[in-house]
Amino acid sequence: MKANHPTDMLPAFALGCLDPDENSQVLEHLRYCASCRAELQALEEVSVHLAYAVPFVEPSETVKKNLLATCSSQRSFAWVEKLFNRWPRLVPITAIASCVLAVVFATSSLLLLKNVNLTQSVTVADLQLVPLQGAEAMPQAIGQLVVDAASGQGRLLVNALQPLAETLQYQLWLIRDGQRSSGGVFSVSQNGTADVLISSAWPLAHYDSVGITIEPYGGSPSPTGQKVLGGKMLL
Amino acid sequence: MFFSRQFLITVFLGTFDRGHKFAKKMLDDNGLVEQMASGDEQALEILYERYKGLIYSLMLQILGDHGQAEEVTQDTFARIWRQASGYRTSRATVKTWLVSIARNRAIDVLRKRRSRVDENSAMWADGVLETLPAKGTPEQNVEESDMRRRVRTAISQLPEEQRSVLTLAYFEGLSHSKIAERLQQPLGTVKGRVRIAMRTLQGKFREGF
Ligand SMILES: [Zn+2]
(Lines give C-alpha, C1' and ligand atoms only; values in the text may rest on other atoms or scores of the structure.)
Protein backbone atom coordinates (compact mmCIF):
# COMPACT_ATOMS: atom_id res chain seq x y z
CA MET A 1 0.00 0.00 0.00
CA LYS A 2 2.93 2.28 -0.84
CA ALA A 3 0.53 4.76 -2.44
CA ASN A 4 -0.96 5.55 0.97
CA HIS A 5 2.31 6.67 2.57
CA PRO A 6 2.69 10.46 2.52
CA THR A 7 6.28 10.02 1.26
CA ASP A 8 6.11 13.17 -0.87
CA MET A 9 5.11 15.29 2.09
CA LEU A 10 7.77 14.03 4.51
CA PRO A 11 10.61 16.34 3.36
CA ALA A 12 8.39 19.39 3.88
CA PHE A 13 7.14 17.98 7.17
CA ALA A 14 10.73 17.64 8.41
CA LEU A 15 11.33 21.22 7.40
CA GLY A 16 8.10 22.34 9.09
CA CYS A 17 6.64 23.98 6.01
CA LEU A 18 3.53 21.93 5.33
CA ASP A 19 0.24 23.80 5.44
CA PRO A 20 -1.91 22.89 8.47
CA ASP A 21 -4.26 20.32 6.89
CA GLU A 22 -1.44 18.39 5.21
CA ASN A 23 0.53 18.62 8.42
CA SER A 24 -2.19 16.98 10.48
CA GLN A 25 -2.65 14.35 7.77
CA VAL A 26 1.03 13.40 8.09
CA LEU A 27 0.94 13.53 11.89
CA GLU A 28 -2.01 11.16 11.91
CA HIS A 29 -0.22 8.74 9.55
CA LEU A 30 2.98 8.81 11.61
CA ARG A 31 1.08 7.59 14.64
CA TYR A 32 0.88 4.11 13.18
CA CYS A 33 3.44 3.90 10.34
CA ALA A 34 6.91 2.86 11.49
CA SER A 35 8.47 3.03 8.04
CA CYS A 36 7.45 6.66 7.54
CA ARG A 37 8.75 7.45 11.04
CA ALA A 38 12.15 6.02 10.12
CA GLU A 39 12.09 7.96 6.87
CA LEU A 40 11.22 11.14 8.74
CA GLN A 41 14.08 10.66 11.18
CA ALA A 42 16.53 10.63 8.26
CA LEU A 43 14.99 13.79 6.82
CA GLU A 44 15.13 15.55 10.18
CA GLU A 45 18.86 14.93 10.18
CA VAL A 46 19.01 16.81 6.87
CA SER A 47 17.15 19.69 8.44
CA VAL A 48 19.62 19.76 11.35
CA HIS A 49 22.60 19.69 9.00
CA LEU A 50 21.29 22.86 7.39
CA ALA A 51 22.13 24.69 10.61
CA TYR A 52 25.80 24.24 9.72
CA ALA A 53 25.32 26.29 6.60
CA VAL A 54 24.94 29.71 8.20
CA PRO A 55 27.84 32.10 8.94
CA PHE A 56 29.44 31.07 12.22
CA VAL A 57 29.09 33.54 15.10
CA GLU A 58 29.72 32.97 18.82
CA PRO A 59 27.34 34.36 21.43
CA SER A 60 28.66 36.69 24.14
CA GLU A 61 29.77 35.32 27.51
CA THR A 62 26.67 36.85 29.14
CA VAL A 63 24.48 34.14 27.62
CA LYS A 64 26.35 31.41 29.44
CA LYS A 65 26.40 33.37 32.68
CA ASN A 66 22.66 34.01 32.53
CA LEU A 67 21.93 30.44 31.52
CA LEU A 68 23.84 28.96 34.44
CA ALA A 69 22.33 31.48 36.84
CA THR A 70 18.78 30.67 35.68
CA CYS A 71 19.35 26.95 35.87
CA SER A 72 20.85 27.18 39.36
CA SER A 73 17.90 29.21 40.57
CA GLN A 74 15.55 26.60 39.19
CA ARG A 75 17.10 24.10 41.54
CA SER A 76 15.74 26.08 44.46
CA PHE A 77 12.37 24.96 43.15
CA ALA A 78 13.60 21.41 43.61
CA TRP A 79 11.52 20.68 46.69
CA VAL A 80 8.33 20.84 44.62
CA GLU A 81 10.01 18.62 42.06
CA LYS A 82 10.98 16.06 44.68
CA LEU A 83 7.51 16.06 46.14
CA PHE A 84 5.85 15.44 42.81
CA ASN A 85 8.41 12.96 41.59
CA ARG A 86 7.41 10.93 44.60
CA TRP A 87 3.76 11.57 44.18
CA PRO A 88 2.87 8.99 41.52
CA ARG A 89 4.51 6.27 43.58
CA LEU A 90 3.07 7.33 46.90
CA VAL A 91 -0.49 7.88 45.80
CA PRO A 92 -2.39 5.18 43.96
CA ILE A 93 -3.64 6.25 40.55
CA THR A 94 -7.24 6.02 41.76
CA ALA A 95 -6.52 8.61 44.41
CA ILE A 96 -5.13 10.98 41.79
CA ALA A 97 -8.16 10.36 39.65
CA SER A 98 -10.50 11.06 42.54
CA CYS A 99 -8.68 14.31 43.26
CA VAL A 100 -9.24 15.39 39.72
CA LEU A 101 -12.87 14.27 39.74
CA ALA A 102 -13.34 16.20 42.95
CA VAL A 103 -12.34 19.33 41.10
CA VAL A 104 -14.86 18.71 38.40
CA PHE A 105 -17.68 18.56 40.91
CA ALA A 106 -16.35 20.93 43.52
CA THR A 107 -17.78 24.40 43.76
CA SER A 108 -14.54 25.73 45.14
CA SER A 109 -10.93 24.72 44.81
CA LEU A 110 -10.79 24.47 48.59
CA LEU A 111 -12.21 20.97 48.46
CA LEU A 112 -9.38 19.83 46.21
CA LEU A 113 -6.80 21.34 48.50
CA LYS A 114 -8.34 19.33 51.33
CA ASN A 115 -8.23 16.16 49.27
CA VAL A 116 -4.62 16.61 48.35
CA ASN A 117 -3.83 17.33 51.98
CA LEU A 118 -5.51 14.12 53.00
CA THR A 119 -3.58 11.96 50.60
CA GLN A 120 -0.23 13.65 50.94
CA SER A 121 0.05 15.05 54.42
CA VAL A 122 1.95 18.06 53.13
CA THR A 123 1.02 21.71 53.18
CA VAL A 124 -0.10 22.92 49.82
CA ALA A 125 -1.33 26.34 50.83
CA ASP A 126 1.02 28.03 48.36
CA LEU A 127 0.18 25.72 45.49
CA GLN A 128 -2.67 26.36 43.12
CA LEU A 129 -4.14 23.44 41.22
CA VAL A 130 -5.67 23.56 37.78
CA PRO A 131 -7.52 20.46 36.56
CA LEU A 132 -7.24 19.46 32.90
CA GLN A 133 -9.77 17.30 31.09
CA GLY A 134 -9.36 14.91 28.19
CA ALA A 135 -10.52 16.26 24.84
CA GLU A 136 -12.56 14.24 22.35
CA ALA A 137 -9.45 12.50 20.98
CA MET A 138 -8.48 11.07 24.40
CA PRO A 139 -11.43 11.37 26.78
CA GLN A 140 -9.79 9.09 29.35
CA ALA A 141 -6.81 11.43 29.83
CA ILE A 142 -6.56 13.54 32.95
CA GLY A 143 -4.07 16.13 34.08
CA GLN A 144 -3.31 18.83 36.53
CA LEU A 145 -1.20 21.95 36.67
CA VAL A 146 0.41 22.61 40.02
CA VAL A 147 1.40 26.25 40.29
CA ASP A 148 3.63 27.72 42.96
CA ALA A 149 1.84 30.99 43.70
CA ALA A 150 4.95 32.82 44.87
CA SER A 151 7.19 32.13 41.90
CA GLY A 152 4.49 31.67 39.26
CA GLN A 153 6.27 28.51 38.12
CA GLY A 154 4.48 25.22 37.83
CA ARG A 155 4.46 21.57 36.94
CA LEU A 156 2.20 19.60 34.70
CA LEU A 157 1.12 16.14 35.82
CA VAL A 158 -0.73 13.91 33.40
CA ASN A 159 -2.19 10.45 33.54
CA ALA A 160 -3.77 8.04 31.03
CA LEU A 161 -2.35 9.81 27.98
CA GLN A 162 -1.63 7.34 25.19
CA PRO A 163 2.12 6.67 24.75
CA LEU A 164 3.06 8.07 21.33
CA ALA A 165 5.24 6.85 18.48
CA GLU A 166 8.85 7.94 18.79
CA THR A 167 8.53 10.71 16.21
CA LEU A 168 5.80 12.41 18.21
CA GLN A 169 5.54 14.22 21.50
CA TYR A 170 2.92 16.01 23.50
CA GLN A 171 3.21 19.78 23.66
CA LEU A 172 1.74 22.08 26.27
CA TRP A 173 0.31 25.41 25.09
CA LEU A 174 -0.15 28.40 27.35
CA ILE A 175 -2.95 30.53 26.02
CA ARG A 176 -3.77 34.20 26.56
CA ASP A 177 -6.28 36.09 24.43
CA GLY A 178 -6.10 33.33 21.84
CA GLN A 179 -2.27 33.65 21.57
CA ARG A 180 -0.56 30.33 22.15
CA SER A 181 3.00 29.93 23.39
CA SER A 182 4.73 26.67 24.05
CA GLY A 183 5.06 25.54 27.66
CA GLY A 184 7.28 22.61 26.74
CA VAL A 185 7.16 19.22 25.06
CA PHE A 186 7.08 15.85 26.76
CA SER A 187 6.66 12.13 26.31
CA VAL A 188 4.71 9.90 28.67
CA SER A 189 5.67 6.66 30.41
CA GLN A 190 4.24 3.32 29.34
CA ASN A 191 1.47 3.97 31.87
CA GLY A 192 0.66 7.28 30.23
CA THR A 193 2.01 9.44 33.04
CA ALA A 194 4.37 12.40 32.89
CA ASP A 195 5.58 15.08 35.22
CA VAL A 196 6.93 18.16 33.46
CA LEU A 197 8.36 21.45 34.69
CA ILE A 198 6.55 24.11 32.65
CA SER A 199 8.62 26.58 30.63
CA SER A 200 7.03 29.97 30.65
CA ALA A 201 8.17 33.49 29.94
CA TRP A 202 5.55 34.77 32.38
CA PRO A 203 4.18 33.68 35.75
CA LEU A 204 1.50 31.13 34.90
CA ALA A 205 -1.30 33.35 36.22
CA HIS A 206 -0.66 35.49 33.11
CA TYR A 207 -2.43 32.90 30.95
CA ASP A 208 -6.15 32.22 30.76
CA SER A 209 -6.12 28.61 29.62
CA VAL A 210 -3.91 25.72 28.58
CA GLY A 211 -4.10 22.93 26.03
CA ILE A 212 -2.05 19.89 25.08
CA THR A 213 -1.68 18.68 21.50
CA ILE A 214 0.19 15.92 19.68
CA GLU A 215 3.13 17.36 17.72
CA PRO A 216 6.24 16.20 15.87
CA TYR A 217 9.08 15.27 18.25
CA GLY A 218 10.65 18.43 19.67
CA GLY A 219 7.42 20.39 19.28
CA SER A 220 6.04 22.95 16.83
CA PRO A 221 6.08 26.77 16.84
CA SER A 222 2.28 26.71 17.07
CA PRO A 223 -0.24 23.87 17.53
CA THR A 224 -0.73 21.61 14.50
CA GLY A 225 -1.97 18.30 15.88
CA GLN A 226 -4.96 16.94 17.72
CA LYS A 227 -5.85 18.40 21.11
CA VAL A 228 -5.87 15.81 23.89
CA LEU A 229 -6.21 17.79 27.13
CA GLY A 230 -7.28 21.27 28.10
CA GLY A 231 -8.29 23.46 31.00
CA LYS A 232 -9.04 26.99 32.21
CA MET A 233 -6.52 28.70 34.44
CA LEU A 234 -8.70 30.83 36.78
CA LEU A 235 -5.67 31.63 38.97
CA MET B 1 51.67 23.55 60.08
CA PHE B 2 53.08 24.49 56.75
CA PHE B 3 49.79 24.77 54.90
CA SER B 4 46.56 25.62 56.60
CA ARG B 5 43.94 22.92 56.66
CA GLN B 6 41.57 25.15 54.72
CA PHE B 7 44.15 25.65 51.99
CA LEU B 8 44.66 21.92 51.55
CA ILE B 9 40.94 21.29 51.39
CA THR B 10 40.53 23.99 48.78
CA VAL B 11 43.33 22.57 46.67
CA PHE B 12 41.95 19.06 47.05
CA LEU B 13 38.41 20.07 46.11
CA GLY B 14 39.70 22.15 43.22
CA THR B 15 41.59 19.23 41.76
CA PHE B 16 38.69 16.94 42.39
CA ASP B 17 36.29 19.31 40.67
CA ARG B 18 38.56 19.87 37.67
CA GLY B 19 39.17 16.17 37.40
CA HIS B 20 35.47 15.59 37.26
CA LYS B 21 34.90 18.25 34.68
CA PHE B 22 37.69 16.84 32.58
CA ALA B 23 36.11 13.40 32.71
CA LYS B 24 32.74 14.86 31.81
CA LYS B 25 34.14 16.57 28.74
CA MET B 26 34.84 13.08 27.44
CA LEU B 27 31.15 12.20 27.69
CA ASP B 28 29.10 12.13 24.50
CA ASP B 29 25.94 14.22 24.19
CA ASN B 30 23.68 11.49 25.54
CA GLY B 31 25.92 11.04 28.55
CA LEU B 32 25.80 14.76 29.25
CA VAL B 33 22.02 14.88 29.06
CA GLU B 34 21.87 11.93 31.45
CA GLN B 35 24.05 13.88 33.88
CA MET B 36 21.87 16.95 33.42
CA ALA B 37 18.81 14.91 34.32
CA SER B 38 20.37 14.35 37.73
CA GLY B 39 20.89 18.09 38.16
CA ASP B 40 24.55 18.34 37.06
CA GLU B 41 25.13 21.94 35.99
CA GLN B 42 28.65 21.23 34.75
CA ALA B 43 27.20 18.85 32.18
CA LEU B 44 24.93 21.65 30.98
CA GLU B 45 27.91 23.96 30.71
CA ILE B 46 29.83 21.44 28.62
CA LEU B 47 26.88 20.80 26.32
CA TYR B 48 26.44 24.55 25.97
CA GLU B 49 30.09 25.03 25.03
CA ARG B 50 29.75 22.27 22.46
CA TYR B 51 26.74 23.71 20.65
CA LYS B 52 26.50 27.40 21.53
CA GLY B 53 28.00 28.48 18.20
CA LEU B 54 25.77 26.23 16.13
CA ILE B 55 22.60 27.33 17.89
CA TYR B 56 23.46 31.02 18.22
CA SER B 57 24.55 31.35 14.57
CA LEU B 58 21.27 29.83 13.43
CA MET B 59 19.23 32.04 15.77
CA LEU B 60 21.02 35.11 14.51
CA GLN B 61 20.27 34.19 10.90
CA ILE B 62 16.60 33.59 11.64
CA LEU B 63 16.05 36.60 13.90
CA GLY B 64 18.62 39.07 12.55
CA ASP B 65 19.00 40.58 16.01
CA HIS B 66 21.78 39.82 18.51
CA GLY B 67 19.72 40.42 21.64
CA GLN B 68 16.85 38.19 20.57
CA ALA B 69 19.23 35.54 19.24
CA GLU B 70 20.96 35.41 22.62
CA GLU B 71 17.66 35.25 24.44
CA VAL B 72 16.43 32.31 22.37
CA THR B 73 19.80 30.54 22.64
CA GLN B 74 19.68 30.83 26.42
CA ASP B 75 16.05 29.72 26.51
CA THR B 76 16.80 26.69 24.32
CA PHE B 77 19.50 25.38 26.64
CA ALA B 78 17.36 26.17 29.68
CA ARG B 79 14.61 24.04 28.16
CA ILE B 80 17.00 21.18 27.54
CA TRP B 81 18.04 21.47 31.17
CA ARG B 82 14.46 21.31 32.39
CA GLN B 83 13.46 18.51 30.05
CA ALA B 84 16.62 16.42 30.36
CA SER B 85 14.89 13.72 32.39
CA GLY B 86 12.29 13.19 29.65
CA TYR B 87 14.87 12.73 26.90
CA ARG B 88 14.90 9.39 25.10
CA THR B 89 18.08 8.38 23.33
CA SER B 90 16.23 6.02 21.02
CA ARG B 91 14.49 8.83 19.24
CA ALA B 92 16.49 11.83 18.11
CA THR B 93 20.08 12.82 18.68
CA VAL B 94 20.66 15.54 21.25
CA LYS B 95 21.75 17.78 18.39
CA THR B 96 18.46 17.24 16.52
CA TRP B 97 16.60 17.94 19.73
CA LEU B 98 18.52 21.18 20.36
CA VAL B 99 18.21 22.47 16.83
CA SER B 100 14.51 21.70 16.56
CA ILE B 101 13.69 23.39 19.87
CA ALA B 102 15.79 26.42 18.95
CA ARG B 103 14.40 26.76 15.45
CA ASN B 104 10.80 26.40 16.65
CA ARG B 105 11.31 29.04 19.31
CA ALA B 106 12.98 31.45 16.88
CA ILE B 107 10.27 31.03 14.25
CA ASP B 108 7.68 31.56 16.95
CA VAL B 109 9.36 34.84 17.96
CA LEU B 110 9.64 35.81 14.30
CA ARG B 111 5.94 35.19 13.67
CA LYS B 112 4.96 37.24 16.68
CA ARG B 113 7.18 40.04 15.50
CA ARG B 114 5.96 39.62 11.91
CA SER B 115 9.07 41.16 10.42
CA ARG B 116 12.79 41.03 10.88
CA VAL B 117 14.55 43.79 12.83
CA ASP B 118 17.16 44.46 10.19
CA GLU B 119 16.40 44.73 6.53
CA ASN B 120 18.87 42.15 5.29
CA SER B 121 17.24 38.84 4.70
CA ALA B 122 18.67 35.63 6.09
CA MET B 123 21.11 33.78 3.93
CA TRP B 124 23.40 30.79 3.73
CA ALA B 125 27.08 31.29 4.36
CA ASP B 126 29.36 31.45 1.39
CA GLY B 127 30.35 27.95 0.32
CA VAL B 128 33.99 28.91 0.06
CA LEU B 129 34.62 31.41 2.87
CA GLU B 130 35.18 29.62 6.11
CA THR B 131 34.84 30.92 9.66
CA LEU B 132 36.22 28.43 12.11
CA PRO B 133 34.75 27.88 15.52
CA ALA B 134 37.45 28.93 17.96
CA LYS B 135 37.11 26.50 20.85
CA GLY B 136 36.65 22.80 21.43
CA THR B 137 39.09 19.97 20.92
CA PRO B 138 41.12 20.01 17.69
CA GLU B 139 39.30 16.91 16.44
CA GLN B 140 35.95 18.57 17.11
CA ASN B 141 37.05 21.65 15.20
CA VAL B 142 38.27 19.69 12.22
CA GLU B 143 35.12 17.61 12.18
CA GLU B 144 32.91 20.64 12.51
CA SER B 145 34.58 22.79 9.92
CA ASP B 146 34.56 19.84 7.57
CA MET B 147 30.83 19.50 8.18
CA ARG B 148 30.31 23.21 7.52
CA ARG B 149 32.24 23.01 4.30
CA ARG B 150 30.30 20.02 3.00
CA VAL B 151 26.89 21.41 3.90
CA ARG B 152 27.68 24.78 2.32
CA THR B 153 28.98 23.19 -0.84
CA ALA B 154 25.88 21.01 -1.10
CA ILE B 155 23.59 24.02 -0.70
CA SER B 156 25.53 26.18 -3.13
CA GLN B 157 25.15 23.45 -5.74
CA LEU B 158 21.35 23.54 -5.57
CA PRO B 159 19.64 25.45 -8.40
CA GLU B 160 18.77 28.99 -7.30
CA GLU B 161 14.99 28.37 -7.41
CA GLN B 162 15.34 25.44 -5.00
CA ARG B 163 17.65 27.36 -2.71
CA SER B 164 15.21 30.25 -2.45
CA VAL B 165 12.27 28.07 -1.35
CA LEU B 166 14.53 26.32 1.13
CA THR B 167 15.63 29.66 2.55
CA LEU B 168 12.07 30.87 3.08
CA ALA B 169 11.04 27.59 4.69
CA TYR B 170 14.10 27.18 6.89
CA PHE B 171 14.78 30.72 8.06
CA GLU B 172 11.34 32.27 7.98
CA GLY B 173 9.25 29.23 8.80
CA LEU B 174 6.95 29.93 5.85
CA SER B 175 4.53 27.21 4.74
CA HIS B 176 4.20 25.99 1.15
CA SER B 177 1.30 28.32 0.42
CA LYS B 178 3.01 31.35 2.01
CA ILE B 179 6.14 30.67 -0.05
CA ALA B 180 4.05 30.38 -3.20
CA GLU B 181 2.44 33.71 -2.38
CA ARG B 182 5.77 35.39 -1.62
CA LEU B 183 7.49 34.14 -4.78
CA GLN B 184 4.35 34.36 -6.90
CA GLN B 185 4.80 30.80 -8.05
CA PRO B 186 2.20 28.03 -8.38
CA LEU B 187 1.76 26.00 -5.16
CA GLY B 188 2.60 22.74 -6.92
CA THR B 189 5.88 24.18 -8.18
CA VAL B 190 6.88 25.27 -4.68
CA LYS B 191 6.02 21.86 -3.22
CA GLY B 192 8.09 20.16 -5.88
CA ARG B 193 11.10 22.40 -5.27
CA VAL B 194 11.07 21.86 -1.52
CA ARG B 195 10.82 18.11 -2.02
CA ILE B 196 13.59 17.89 -4.61
CA ALA B 197 15.92 20.19 -2.66
CA MET B 198 15.55 18.13 0.51
CA ARG B 199 15.96 14.82 -1.31
CA THR B 200 19.03 16.09 -3.14
CA LEU B 201 20.64 17.24 0.10
CA GLN B 202 19.71 13.98 1.77
CA GLY B 203 21.52 12.10 -0.98
CA LYS B 204 24.60 14.31 -0.75
CA PHE B 205 24.79 14.20 3.03
CA ARG B 206 24.41 10.44 2.97
CA GLU B 207 27.39 10.12 0.63
CA GLY B 208 29.49 12.63 2.48
CA PHE B 209 28.87 12.08 6.18
ZN1 LIG C 1 3.85 5.38 6.03
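The sequence lines fix the lettering, A, B, ..., with proteins before strands; numbering per chain opens at 1.
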**Prompt:** Between A:A51, A:G184, A:G16, which has the largest tally of heavy atom pairs under 4.5 Å with chain B?
**Reply:** A:A51
**Request:** Determine, stepwise, if the pair B:E144 / A:Y52 fulfils side-chain contact (heavy atoms from CB on, under 4.5 Å).
**Result:** CA-CA 8 Å; B:E144 198 173 320; A:Y52 283 97; 3.7 Å; yes
**Request:** Identify whether the distance between the nearest side-chain nitrogen and carboxylate oxygen of B:E70 and A:K65 falls below 4.0 Å.
**Result:** no
**Prompt:** So which heavy atom on B:S100 is nearest to which on A:G218, and how close?
**Reply:** OG-CA, 4.0 Å
**Complete:** In short, B:M147 meets A:H49 closest at the heavy-atom pair SD-CD2, 3.5 Å
**Prompt:** Out of B:H66, B:R103, B:K178, which one racks up the most heavy-atom pairs below 4.5 Å with chain A?
**Reply:** B:R103
**Request:** For the pair B:S145 and A:F56, evaluate side-chain contact (heavy atoms from CB on, under 4.5 Å) and give the outcome as yes or no after the intermediate values.
**Result:** CA-CA 10 Å; B:S145 63; A:F56 188 85; over 6 Å; no
**Prompt:** Which one of A:S47, A:S181, A:P20 has the most heavy-atom pairs closer than 4.5 Å to chain B?
**Reply:** A:S47
**Prompt:** Given the options A:P11, A:A42, A:P59, which has more heavy-atom pairs under 4.5 Å with chain B than any of the others?
**Reply:** A:P59
**Fill in**
Ranking B:V165, B:V194, B:I179 by heavy-atom pairs under 4.5 Å to chain A gives rank one to B:V194
**Message:** Let's test your reading of the structure: which of B:A106, B:S177, B:A197, B:A169 forms the most heavy-atom pairs below 4.5 Å with chain A?
**Reply:** B:S177
**Option that, when pairs with chain A are counted at under 4.5 Å, heavy atom only, ranks first among B:Q83, B:R105, B:E71, B:M59** = B:Q83
**Fill in**
Whatever's closer than 4.5 Å to a heavy atom in chain B on A:V63 counts as both
**Request:** Could you check which of A:N23, A:I198, A:N66 has the highest count of heavy-atom pairs closer than 4.5 Å to chain B?
**Result:** A:N66
**Request:** Kindly write out the residues that satisfy ring-ring contact (aromatic ring centres under 6.0 Å, His included) with A:F186, not counting sequence neighbours, or none if the list is empty.
**Result:** A:Y170
**Asked** Is a side-chain N or O of B:S57 found less than 3.5 angstrom from the main chain of A:V54, in a donor-acceptor match?
**Response** no
**Request:** Apply side-chain contact (heavy atoms from CB on, under 4.5 Å) to the pair B:S175 and A:L18, showing each step before the final yes or no.
**Result:** CA-CA 5 Å; B:S175 66; A:L18 280 178; over 6 Å; no
**Message:** Counting only non-hydrogen atoms closer than 4.5 Å, does B:L54 touch chain A with its backbone (N, CA, C, O), its side chain (CB onward), both, or neither?
**Reply:** both
**Asked** Would you call B:K95-A:E45 a salt bridge at under 4.0 Å N-O?
**Response** no
**Side chain to side chain, A:M9 and B:K191, heavy atoms closer than 4.5 Å** = no
**Request:** Just jot down the side-chain hydrogen bond (donor to acceptor under 3.5 Å, both in side chains) partners of A:W173, sequence neighbours excluded, or say none.
**Result:** A:T213
**Prompt:** Rounded to the nearest 0.5 Å, what separation is found between the NZ atom of B:K52 and the OG atom of A:S60?
**Reply:** 9.5 Å
**Message:** Could you report the tightest heavy-atom contact between B:R195 and A:D8, atom names first, then the distance?
**Reply:** CD-O, 3.4 Å
**Prompt:** Just how far is it from atom CG of A:L68 to atom CH2 of B:W81, taken to the nearest 0.5 Å?
**Reply:** 9.0 Å
**Prompt:** Is there a side-chain contact between A:Q179 and B:K112, using heavy atoms and a 4.5 Å cut-off?
**Reply:** yes
**Message:** I need the B:L44 CG to A:C71 SG distance, nearest 0.5 Å.
**Reply:** 5.0 Å
**Asked** When rounded to the nearest 0.5 angstrom, what is the spacing between CG in A:L43 and CD in B:Q202?
**Response** 4.5 Å
**Message:** For the CD atom of A:E58 and the OG1 atom of B:T73, what is their distance to the nearest 0.5 Å?
**Reply:** 11.5 Å
**Prompt:** What are the residues of residues 220-227 of chain A, in order of number, with any heavy atom under 4.5 angstrom from a heavy atom of chain B?
**Reply:** A:S220, A:P221, A:S222
**Complete:** Value for CG (B:D75) from CG (A:L67), rounded to nearest 0.5 Å, stands at 9.5 Å
**Asked** Just wondering, more than 12 heavy atoms not from B:E160 lying within 6.0 Å of its CD?
**Response** yes
**Contact class of A:V185 relative to chain B, heavy atoms under 4.5 angstrom** = both
**Prompt:** What pairs with B:F77 under ring-ring contact (aromatic ring centres under 6.0 Å, His included), at least two apart in sequence or on another chain?
**Reply:** B:Y48
**Where A:E44 and B:T96 come nearest, the two heavy atoms and their spacing** = CB-CG2, 4.4 Å
**Request:** Step by step, work out the side-chain contact (heavy atoms from CB on, under 4.5 Å) result for A:L15 and B:M198.
**Result:** CA-CA 9 Å; A:L15 211 52; B:M198 284 292 280; 3.9 Å; yes
**Prompt:** Taking C-beta and beyond as the side chain, do B:R79 and A:S182 meet within less than 4.5 Å on heavy atoms?
**Reply:** yes
